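Written out below as structure tokens is the structure these notes cover.
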Amino acid sequence: MKKPLNQNVVFALRNELSNFHTEFFYCIQRQLRNCNDIVSATSAHSNVFKSGFLNDTFTSNHLINCYVRLQKINDARKLFDEMPAPNVVSWTSLMAGYVDAGQPQMALSLSREMYRSSVVPNDFTFATMINACSILADLQVGKTVHAHVEILGFRSNLVVCSSLVDMYGKCNDVDEARRVFDLMSCRNVVSWTSMITAYAQNAQGHHALQIFREFGVLMLDHPNHFMLASVINACASLGRLVSGKVAHGTVIRRSHDSNDVVASALVDMYAKCGSVSYSEKVFRRIRNPSVISYTSMIVGAAKYGLGNTSLDLFEEMIDRRIKPNDITFVGILHACSHSGLVDEGLEHLKSMHVKHGIIPDAKHYTCVVDMLGRTGRLEEAYQLAKSIQVESDEGALLWGTLLSASRLHGRVDIAVEASKRLIESNQQVSGAYVTLSNAYALAGQWENVHSLRSEMKRTGVYKEPGCSWVEIKDSSYVFYAGDVASCPQGNKLVGLLRELEERMKERGYVGGSIGLVFVDVEEEAKEEIVGLHSERLALAFGLINIPKGVTIRVMKNLRMCRDCHEAFKLISDIVERDFMVRDVNRFHHFDKGSCTCRDF
DNA sequence: TTAGGGTTAG
């Protein structure tokens, strides 16, 4: 009789213990999930230790995640190293922690350790590894991870594939991003956004808008704020004001206008599309502007030559205790450079480190070289350029900047040196040749011009023609450098330019870029000169309110310098009696490539 | 228990 009773007691006790164990277990997990500060995390850690649960992988994983959430990656690592049997979640959580802590390299190094430990990665692990490659823009490692994804059978996983699309986009391999995207068996708003972003960030804004249109046509989902921010960015990169406004409308309809990131993208888009007043309107509606919103507005104002506005915005930002970053200072220096505020610019350069703890680097010094160069302080600019330690890409920008300034001020000696450095960097080589050639032409050194042109032909260096465009209603009209003279309305345009040139000369214009003075320069150089003309022309059109309520705006390079104001006044007179004003639809597209209505 | 997408520059 006693035996069954004893068994019952034992069962009851076991159940009691098990319930207690389970209750305690969940209690600890709840505590770990709710930890919002390091004190409660340490207390929870201590409870886990006392209860003997530290050897339990599941509980330790919760603790790792708690430290990761609190950005205590070293505590998470210490705990991980003490675990007797970390599983795939332990490894993945720590890797994700390193990514969040800005150490993606450590995440990848950990993934290699994980492979050696024979723990098998899962879809979460792959997504984390791919994210690390994306941040590092490491295409080689990214491809290796992709190969493992295929081998281990995760090619149909939505999150893993979306991460791959993003990674290929960030590594500038858009074709591969598209290939992965096309092969996906199912997609969601994240995968579509990744593809749109891949295009937008790789100078393929038209494809980005095309994908966005497809997303809308398929009625898959509503665009969210992530997607809209990317689409706005694509519009900005294309200078497509109409599309940008349509996107803005969608933002308002979907109630995403209070999102700071979307608003910052809009501020940037309007500035790049020639409507800085809209930028300001959007900016002033942001309730708590971040450093990025301020920087967008500072840069936007700077593009329009409103240097003092940029500086005021900077002061306002500091007064609101918003900490500037390195890019804010690029904007400030750029603003000073384009508004001739050299002393203010040099003062800000000094204050960067002293007041704000940001050490100026090559990009800041490049702005200063530009600032000095524009105002003719070529010698100082040259000495500064020589003293800066730069990587290859940065060097191309630095010497390219100095080259432009030396051409502008006719310093052939410095132009020669800057071109040499630029050609050595193996970037913008054709631009360097053409600019140097023009510097020689300006100085009347025709022998050097011809010898440089021969060298270009011999080495096969070809200068891509630049272009400008205007947007009328819902269509863009493109002017390609070199096209003006050969297009159907070319004679009229050239006539217009000559008239403009004459009028400007009459009013004392002495600059070298507008006049047809380089008639003896060979073909490539002429292309650049004519390109400048067409740009000026487009620029002038952009400032004119055409009758019948049609406004023509210039989408690119809208600079309100003195020359442009002058050009505006003059070309207004000319255009008023030109057929293009009376019948705007006859304003031809000077076709060299495709140009269609790209509104969505 | 762990994972993916967005904004600012020369």
Side-chain angles (χ1 to χ4, degrees), chain A residues 29 32-33 56-66 68 87-97 99 121-132 134 154 157-167 169-170 188-198 200-201 223-234 236 256 259-269 271-272 286 290-300 302-303 324-335 337-338 361-371 393-394 396-398 400-401:
Chain A
Q29 277 181 32
L32 288 170
R33 265 198 301 268
D56 176 68
T57 303
F58 202 84
T59 308
S60 288
N61 286 349
H62 272 292
L63 200 46
I64 287 178
N65 284 316
C66 180
V68 162
N87 65 7
V88 64
V89 177
S90 332
W91 285 94
T92 306
S93 301
L94 190 63
M95 281 163 57
V99 172
N122 64 13
D123 43 350
F124 287 75
T125 323
F126 279 123
T128 308
M129 287 162 70
I130 295 163
N131 190 17
S134 179
F154 290 102
N157 184 279
L158 176 66
V159 177
V160 171
C161 289
S162 301
S163 308
L164 282 170
V165 171
D166 174 64
M167 182 273 291
K170 298 280 190 322
N188 65 3
V189 69
V190 179
S191 19
W192 283 84
T193 302
S194 299
M195 196 61 238
I196 290 171
T197 310
Q201 293 179 342
N224 62 14
H225 59 287
F226 285 92
M227 186 177 265
L228 288 169
S230 248
V231 168
I232 294 162
N233 190 25
H256 295 307
N259 180 282
D260 179 59
V261 172
V262 172
S264 300
L266 285 168
V267 168
D268 175 60
M269 182 274 292
K272 284 180 178 157
I286 303 175
S290 65
V291 59
I292 293 179
S293 331
Y294 263 104
T295 305
S296 297
M297 196 61 240
I298 286 169
V299 172
K303 280 187 205 299
N325 62 21
D326 55 336
I327 301 172
T328 315
F329 277 102
V330 171
I332 285 294
L333 294 169
H334 179 64
S337 175
H338 284 256
D361 60 27
K363 57 184 181 281
H364 300 107
Y365 289 119
T366 301
C367 289
V368 177
V369 165
D370 185 48
M371 193 163 72
D393 314 11
E394 297 166 336
L397 279 169
L398 175 69
T401 300

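In the text below, chain A, chain B and the rest are named by the order of the sequence lines, each starting its count at 1. Bear in mind the structure is a predicted one, so any value in this text is a computation, not a measurement.
On the nucleic acid side, DNA chain B contacts chain A at distances under 4.0 Å to non-hydrogen atoms, with the end points of that region at B/dT1 to B/dG10.
Residues meeting the side-chain hydrogen bond (donor to acceptor under 3.5 Å, both in side chains) test with A/T366, sequence neighbours left out: none. Shown here are the side-chain contact (heavy atoms from CB on, under 4.5 Å) partners of A/Y365, two or more places apart in sequence or in another chain: A/L349, A/P360, A/L384, A/I388.
At the heavy-atom level, A/S264 lies under 4.0 Å from base atoms of the strands shown. Among the heavy atoms of the strands, none lies under 4.0 Å from A/D370. When heavy atoms are screened at a 4.0 angstrom cut-off, A/H334 is found touching the sugar-phosphate backbone but no base atom. Base contact: A/N188 has a heavy atom under 4.0 Å from a base atom. Across all strands shown, A/L158 has heavy atoms under 4.0 Å from base atoms, whether or not it also approaches the sugar-phosphate. Using a 4.0 Å heavy-atom cutoff across all strands shown, A/T92 reaches at least one base atom of the nucleic acid.
Side-chain contact of A/T125 with A/T92: a donor-acceptor pair under 3.5 Å is present, judged by distance alone. Between the side chains of A/N233 and A/S230, not a single donor N or O lies within less than 3.5 Å of an accepting N or O. Side-chain contact of A/D166 with A/S163: a donor-acceptor pair under 3.5 Å is absent, judged by distance alone. With 3.5 Å as the limit, one finds a donor-acceptor pair spanning the side chains of A/H364 and A/D361.
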